[in-house]
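Every number for a ligand or one of its atoms is a count from 1 in the order of the listing.
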Amino acid sequence: MARPNLKSLLRLSQFAVNLNLNKTTQLTNLSKSLITQNRNFSTSKIIRQDTSNNNAPATKINFYVEEYKDKGYMVLKFNKAPVNSLNLEFLTELNIQLDKIEQSKDIKGVILTSHLPNIFSAGLDILEMYQIKQERGTQFWTALQETWIKLYGSNKIFIAAINGHSPAGGCLLAMSCDYRIMTKGPYKIGLNETLLGIKAPFWFRDTMINTIGYRETEKALQLGKLYSPEEALAVNLVDEIVDANVLIQKAEEQMVKWCSIPTVARELTKSSMRRDTVSKLIAQRESDTQSFIEFTQRDSIQKSLKGYLEAMKKPKK
Ligand SMILES: CCCCC/C=C\CCCC/C=C/C(=O)SCCNC(=O)CCNC(=O)[C@H](O)C(C)(C)COP(=O)(O)OP(=O)(O)OC[C@H]1O[C@@H](n2cnc3c(N)ncnc32)[C@H](O)[C@@H]1OP(=O)(O)O
């Protein structure tokens, strides 16, 4: 596919929030059709000023929410085209969703998945790290910490239905869930930060250690290893791999199973397993943010990120 020049890549975040009337109309129609299928289906919208067209408000639907209150769970679908990259606005909205979930008495669990084909999440939006300003960088990193604390530290049941690529921050989101099911296919999952010339933060590392163990993490992080679904299954990075057409069905089956466990006992058990890991970041949030700002402002890191952005723009073979 044709790649834009660096300038247009740098406008990606701005572009991503601009109004796309056709898309919005299509999505609204989709939402309506799902409601008529007797599903309680709601959309979450970001409304903000579209600076490329001073007269038009920008509307973009970043999430679809399907609630099955009678069954006690919901499906939360990422919908930030093209790759569900995690930028400040997306994370802020995700945090609001996570707060609502935590406060809901009717919802015991959530299936996290993507509405976009072949992609769960491409991880952090690289443009949030490239040539960042301190204020935005601080807000961004704080929002990301918040997401992880809310997700990894949640008492609710989270099942990741990974329907495509899930590198870096995408892998972190998946690992923060209680159970992972991945679609078979030419997809990759893992913490590949070293390939971008950056070090995975300690809480990414700890989440991976808690998921696949110390030795496998040691290799995976240094090599920036991206696993195929079969490789991920072999090291317990995912718990199941399935054909795409049964992904949500399998996730729902698991959800029913997890929901059937006595809630308080399950919650106390989960919390006892994760509390120390979460507390470690909570105790170091400010210094972790400062490290992020200091690290990403280094010339060497900016050079690596620039090279990575340029490589992403090269035409695919
Ligand atoms: C104490 C020390 C503290 C240290 C802290 C320091 C640093 C912080 C580290 C933070 C940890 C970082 C975590 C991360 O998550 S970094 C992000 C890593 N993500 C990736 O490497 C994924 C890159 N993307 C891809 O590999 C592919 O895009 C794909 C996900 C496999 C999907 O492929 P495909 O479907 O073929 O899509 P395209 O490649 O064509 O991409 C479509 C457009 O999306 C743009 N894109 C892709 N990924 C990102 C991204 N992560 N951020 C921003 N933009 C992204 C891509 O450029 C295309 O744009 P275009 O359509 O305009 O060309």
Side-chain angles (χ1 to χ4, degrees), residues 1-18 78 80-91 114 116-132 137-138 140-145 147-148 162-176 185-208 220-221 224-229 280-281 284-298 300-302 304-317:
M1 85 191 241
R3 297 283 177 170
N5 58 28
L6 185 60
K7 210 170 156 195
S8 42
L9 245 177
L10 291 172
R11 284 202 303 266
L12 185 66
S13 291
Q14 184 59 56
F15 174 76
V17 299
N18 286 349
F78 306 144
K80 178 176 174 287
V83 289
N84 291 326
S85 64
L86 310 176
N87 69 359
L88 174 58
E89 287 73 22
F90 185 83
L91 290 170
S114 163
L116 308 177
N118 307 317
I119 183 91
F120 182 72
S121 166
L124 306 193
D125 192 321
I126 293 166
L127 300 174
E128 294 283 14
M129 296 183 279
Y130 184 61
Q131 297 184 343
I132 54 159
T138 302
F140 167 68
W141 198 250
T142 304
L144 179 68
Q145 290 173 332
T147 302
W148 179 78
I162 307 162
N163 59 316
H165 294 294
S166 193
C171 178
L172 181 76
L173 292 182
M175 289 191 299
S176 301
Y187 306 123
K188 297 286 182 186
I189 182 168
L191 295 183
N192 60 324
E193 280 78 357
T194 51
L195 303 183
L196 284 77
I198 53 185
K199 182 182 104 177
F202 72 85
W203 39 289
F204 284 51
R205 178 200 65 204
D206 290 350
T207 309
M208 186 170 243
L221 286 187
K225 181 164 174 62
L226 286 167
Y227 297 80
S228 68
K280 196 167 148 190
L281 175 62
Q284 299 181 49
R285 278 187 79 169
E286 269 182 42
S287 60
D288 182 65
T289 305
Q290 278 163 14
S291 297
F292 169 72
I293 298 291
E294 187 272 323
F295 191 80
T296 46
Q297 282 178 345
R298 287 185 200 169
S300 58
I301 300 303
Q302 287 300 313
S304 290
L305 290 174
K306 185 174 184 218
Y308 197 76
L309 281 169
E310 282 169 355
M312 280 209 303
K313 281 182 296 158
K314 282 187 187 140
K316 285 174 193 151
K317 287 176 190 164

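Shown in contact with Met312 at under 4.0 Å from a heavy atom are these atoms of ligand 1, numbered in order with element: 23 (C), 24 (N), 46 (N), 47 (C), 48 (N), 49 (C), 55 (C), 57 (O). Those atoms of ligand 1 that come under 4.0 Å of a heavy atom in Met129, given as number and element, are 16 (S). Applying the 4.0 Å criterion to heavy atoms of Gly169 picks out, from ligand 1, the atoms 14 (C), 15 (O). Residue Pro167 has at least one heavy-atom neighbour below 4.0 Å for each of these atoms of ligand 1: 22 (C). Each of the atoms 20 (C), 21 (O) of ligand 1 lies under 4.0 Å from some heavy atom of Asn192. Each of the atoms 30 (C) of ligand 1 lies under 4.0 Å from some heavy atom of Ile119. Residue Ile198 has at least one heavy-atom neighbour below 4.0 Å for each of these atoms of ligand 1: 9 (C), 12 (C).
Both the sub-6.0 Å distance and the 45° axial angle are satisfied by Lys225 relative to the ring of Tyr227.
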List the steps, then state whether side chain to side chain contact (heavy atoms under 4.5 Å, CB included) holds for Ile301 with Ile198. CA-CA 7 Å; Ile301 300 303; Ile198 53 185; 3.8 Å; yes

Could you give me the CA-CA distance, side-chain angles and deciding distance for Phe90 and Phe78, then say whether ring pair (Phe, Tyr, Trp, His ring centres under 6.0 Å) is met? CA-CA 9 Å; Phe90 185 83; Phe78 306 144; 5.7 Å; yes

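The shortest distance between side-chain heavy atoms of Lys280 and Trp203 does not fall below 4.5 Å. Here the side chains of Tyr187 and Asn118 are in contact, with some heavy-atom distance below 4.5 Å. The closest side-chain heavy-atom distance from Phe204 to Met175 is not below 4.5 Å. Within the 4.5 Å cutoff, side-chain heavy atoms of Leu91 are placed close to those of Phe140.
Contacts of Ile301 with ligand 1, taken as heavy-atom pairs under 4.0 Å, are absent altogether. Only the side chain of Tyr308 comes within 4.0 Å of ligand 1, counting heavy atoms alone; its backbone N, CA, C and O stay farther away. Contacts between Asp125 and ligand 1 below 4.0 angstrom, taking non-hydrogen atoms only, involve backbone and side chain alike. At a 4.0 Å heavy-atom cut-off, ligand 1 does not touch Trp203 at all.
Ligand 1 has no N or O atom lying under 3.5 Å from any N or O atom of Pro82, backbone or side chain. Taking distance alone, with nitrogen or oxygen atoms compared against 3.5 Å, Ile126 approaches ligand 1 more closely than that limit. Polar contact with ligand 1: absent for Glu193 (N/O pair, distance under 3.5 Å).
The option from Phe292, Phe295, Phe202, Tyr130 that lies nearest to atom 8 (C) of ligand 1, judged by heavy atoms, is Phe292. When the heavy-atom distances from atom 41 (O) of ligand 1 to Val83, Leu191, Leu172 are ranked, the shortest goes to Val83. The nearest non-hydrogen atom to atom 19 (N) of ligand 1, considering only Ala122, Gly123, Ala168, comes from Ala122.
Between the side chains of Trp148 and Thr207, at least one donor N or O lies within less than 3.5 Å of an accepting N or O. Between the side chains of Asp125 and Ser85, a donor-acceptor pair is found at a separation under 3.5 Å.
Atom CG of Leu144 and atom CG of Leu88 lie 10.5 Å apart (nearest 0.5 Å). A distance of 9.5 Å separates CG of Leu124 from CG of Leu196, quoted to the nearest 0.5 Å.
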